[in-house]
Every structure is written in C-alpha cells, then in structure tokens.
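Working notes, beginning with the structure itself.
FYI, side chains are in, hydrogens and waters are out, and symmetry mates aren't considered; it's all heavy atoms of this structure. In what follows, chains are A, B, ... by sequence order, proteins preceding strands, each numbered from 1.
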Protein chains: 2
Amino acid sequence: MEKKIFNKFLKERGQRVTKERAVILQKTFSYHGHFDPESLYLRIRETGLKASRASVYRTLNLLCECGLIERVTKTERGTLYEHTFGHGHHDHMLCIGCGSIIEFYSEDLERLQDNLCRKQDFKGVTHTLEIRGYCKRCQKNKK
Amino acid sequence: MEKKIFNKFLKERGQRVTKERAVILQKTFSYHGHFDPESLYLRIRETGLKASRASVYRTLNLLCECGLIERVTKTERGTLYEHTFGHGHHDHMLCIGCGSIIEFYSEDLERLQDNLCRKQDFKGVTHTLEIRGYCKRCQKNKK
DNA sequence: TTGAAATTGAGAATCAATCTCAAATATGGA
DNA sequence: TCCATATTTGAGATTGATTCTCAATTTCAA
C-alpha cells in the first residue's frame, strides 16, 4: 500500500523506482515507533540488504516530501522520524526525566490550529506540538 | 534585571560571573526577535567586545538552563534562540515559502495543554507548538 | 593579596547530513 | 529483448554546527 503511494509519487516526478528505495521504504515501515537514519541504515545492513547511508538520507527526504513519514524532532543526536501512513497524525509529550514519549491526538487541537491560522491569514499545512514535562513514573520518583 | 537573575543562578551553582558571560548576556538581550549563535558572535565582535565562539555556545546553554532564553527551533541551518524574559511565552508559525516567522499567543492553547496533560497523568512544564504552512504573501505569489 | 578552582579561547575533534562523480541501473521506445 | 540515456547509487570527501582540549588567564573566598 505505502509502496504504491511512493511509486506513484516517484513516477509523477519523473523519478525512478529502485531496489534501494524499495528496501528503505520497507524497513522504514518495519518500525512501529520512532527511528533515526543511522539505526535504519544498520537495520538494513543487518538483514543483509544493501543501501548506503547517502541513499538512506536521500530517500528519507523523499518520503517526507510525499507525506509517508514525518520528522518528529531534531535532537542533539540527529533527527527522529516516524511513518504516518496507517498511523494517523498525533503529537507528543516528552518526559524530561526519562526521555519516554507519549503520543496523543486531540481533535480540539486540530480545530484550534485552524482558528489560529485564520486569525493570521496563514495557511497551515502541518503542526507539531511538543509538551515537555514529567511522566507519571518520574513524578513519583521525585518524591 | 536579567543580569541579576543570571548572576544569582551562577552563584547558586558555584559558577563564576565573568566579563565574557556579561557581554554575551547583554548582546543576547539586544535582539528583539530570534537569533542564532553565529550572528550573536559576530554582533559581539562588531562592537569591539570580546568573547569566543566557544564561550557563546557555552553561555547560551547556561541561559537556557536558567530559563532566560529558549531554543525556538533547530533548523537545518542551526539553532534559533530568543529571550523570554519580559517577552512572554508564545508559539510560532513558520512559512515554508520564505522562512518568515509569525509569533502568536493563545489562551485557549494553554488551557488545552492543561487538559491534555491531565488525561495522560503527565505534568506539563512547557510546550512548543510550531505550525508550518504559507504566510499571506507566499499564498499570493503561488498563484 | 593569594591560591585553588573555574573559565577562556584557538584550534582540533565530532557528528549528522549533504555533496561529488564515476560506475551501475531503470525505463521507454525500437 | 536490446538500446540509449537520464537517473541513481555509493564510497569517501566535504560542510557546518557544536563541543572538546588544555594551557594560560581570571575569579573570588579567605
């Protein structure tokens, strides 16, 4: 399914469907949560498949452009991605204590974005809301 | 005022108040909007004052820790900062077309954050909402 | 004033991400 | 199926932001 979308996207832009791109797409969707380019690259090599780091980075950019994946955040240790297809848009709470991530979706937030944009004559495409704080467990451990 | 806060913060951690830190703090607050470390460094040199790049980076980290400034976003071209003191919390809309930034504040959003956190037993401290899309001018130019 | 401990700065090091370009490959047409 | 050609790949170089190193300098409590 995602393969169809990606290939169609490539065709439309006169770009080619290559083995490497197929491999990278497949492994990208083998993640259930977040991932970074380097670990994706290693996961590909582990399974005996081949694709260079350069191709991984290039293909991740393509996948972002066609909306199959999203950049979650840029940390000091590089960019985190996740696939959005069959996953749905959502936002994140990030625990300062232990680094754990909670995903959530809020219809109210989506509506609010629309209202905010209208006020500023801005045409919103996507948003990222990141709430930083302390998860349940870390709140307890503090005491 | 911000100088007092910063010096107090340093004292409490057994760190020292130095000329360089004072210069960097002062120039940081000479910006009214966003800035990046490199241009801050250049602004310091332009005015004949002295502080190395290393010290600029080190001091920006300290200023973040004590809450006087905030990292706005990490772009492909480095980190953007802004000072928050006497400025108030707000969020951003980022134009994909021209890179311009619109600041906004929404009471509704603050309330929404509280609700969202309560549902997840999460103790929110701060949040960042970044809406990406097209500003008024870029919407027109597209046609 | 003094000396231990913190800080500075020039340049090296790191690290993610992009670029280079020759060799390999995909694709539409014959 | 085979060809011609434009696209893509990959190894390694490069870039660019940020951090690190460490000798020399500076702060500050006593």
Using the side-chain heavy atoms of B:Arg16, tell me which of these nucleotides is nearest: D:dG10, D:dT26, C:dA17.
D:dT26

B:Gln15 CD - C:dT7 C1' separation (whole Å):
10 Å

Is there a side-chain polar atom (N or O) of A:Arg58 under 4.0 Å from OP1 or OP2 of C:dA17?
no

Less than 4.0 angstrom between a side-chain N/O of A:Lys19 and OP1 or OP2 of C:dA26, yes or no?
yes

Whole angstroms only, please: what is the CZ-P distance between A:Arg53 and C:dA17?
11 Å

Answer yes or no: does a side-chain N or O of A:Tyr57 lie under 4.0 Å from OP1 or OP2 of C:dA17?
yes

Given atom OH of A:Tyr41 and atom C1' of C:dC15, what is their separation to the nearest angstrom?
16 Å

May I have the distance from A:Lys11 (atom NZ) to D:dT8 (atom P), rounded to whole angstrom?
13 Å

Could you tell me the separation between the CD atom of B:Glu76 and the P atom of C:dC19, rounded to a whole number of Å?
12 Å

When you check the phosphate oxygens OP1 and OP2 of D:dT19, does a side-chain N or O of B:Asn61 lie under 4.0 Å from one of them?
yes

For DNA chain D, whose closest nucleotide is more 5', that of B:Ala54 or that of B:Arg77?
B:Arg77

A:Arg71 and A:Glu82 ion-paired at < 4.0 Å
no

Quick one: which of C:dG9, D:dT26, D:dG10 gets closest to the side chain of B:Glu20?
C:dG9

Nucleotide nearest A:Lys50 (side chain, heavy atoms from C-beta), chosen from D:dC28, D:dG10, C:dA10:
D:dG10

Does A:Ser55 make a side-chain N or O approach to OP1 or OP2 of D:dG10 shorter than 4.0 Å?
yes

Quickly work out the B:Leu60 CG to C:dT8 P distance and round it to whole Å.
12 Å

Respond yes when some side-chain nitrogen or oxygen of B:Thr18 is under 4.0 Å from OP1 or OP2 of C:dT8, and no when none is.
yes

May I ask you to say whether B:Asp108 pairs ionically with B:Arg111, meaning some side-chain N is under 4.0 Å from a carboxylate O?
yes

Measure the distance from CZ on A:Phe6 to P on D:dT8 and round it to the nearest whole Å.
10 Å

Criterion salt bridge (charged side-chain N to carboxylate O under 4.0 Å, His left out) against A:Asp121, the qualifying member of B:Arg137, B:Lys136, B:Lys140
B:Lys136

Show the numbers, then the answer: is there a ring pair (Phe, Tyr, Trp, His ring centres under 6.0 Å) between A:His83 and A:His32?
CA-CA 8 Å; A:His83 67 259; A:His32 282 197; 7.4 Å; no

Could you work out which one of C:dT7, D:dA11, D:dT9 sits closest to the side chain of A:Arg21?
D:dT9

A:Arg132 to B:Phe122, cation-pi by 6.0 Å centre distance and 45° axis angle:
no

Between D:dT18 and B:Thr79, is there an OP1 or OP2 to side-chain N/O distance shorter than 4.0 Å?
yes

May I have the distance from B:Leu80 (atom CG) to D:dT18 (atom C1'), rounded to whole angstrom?
15 Å

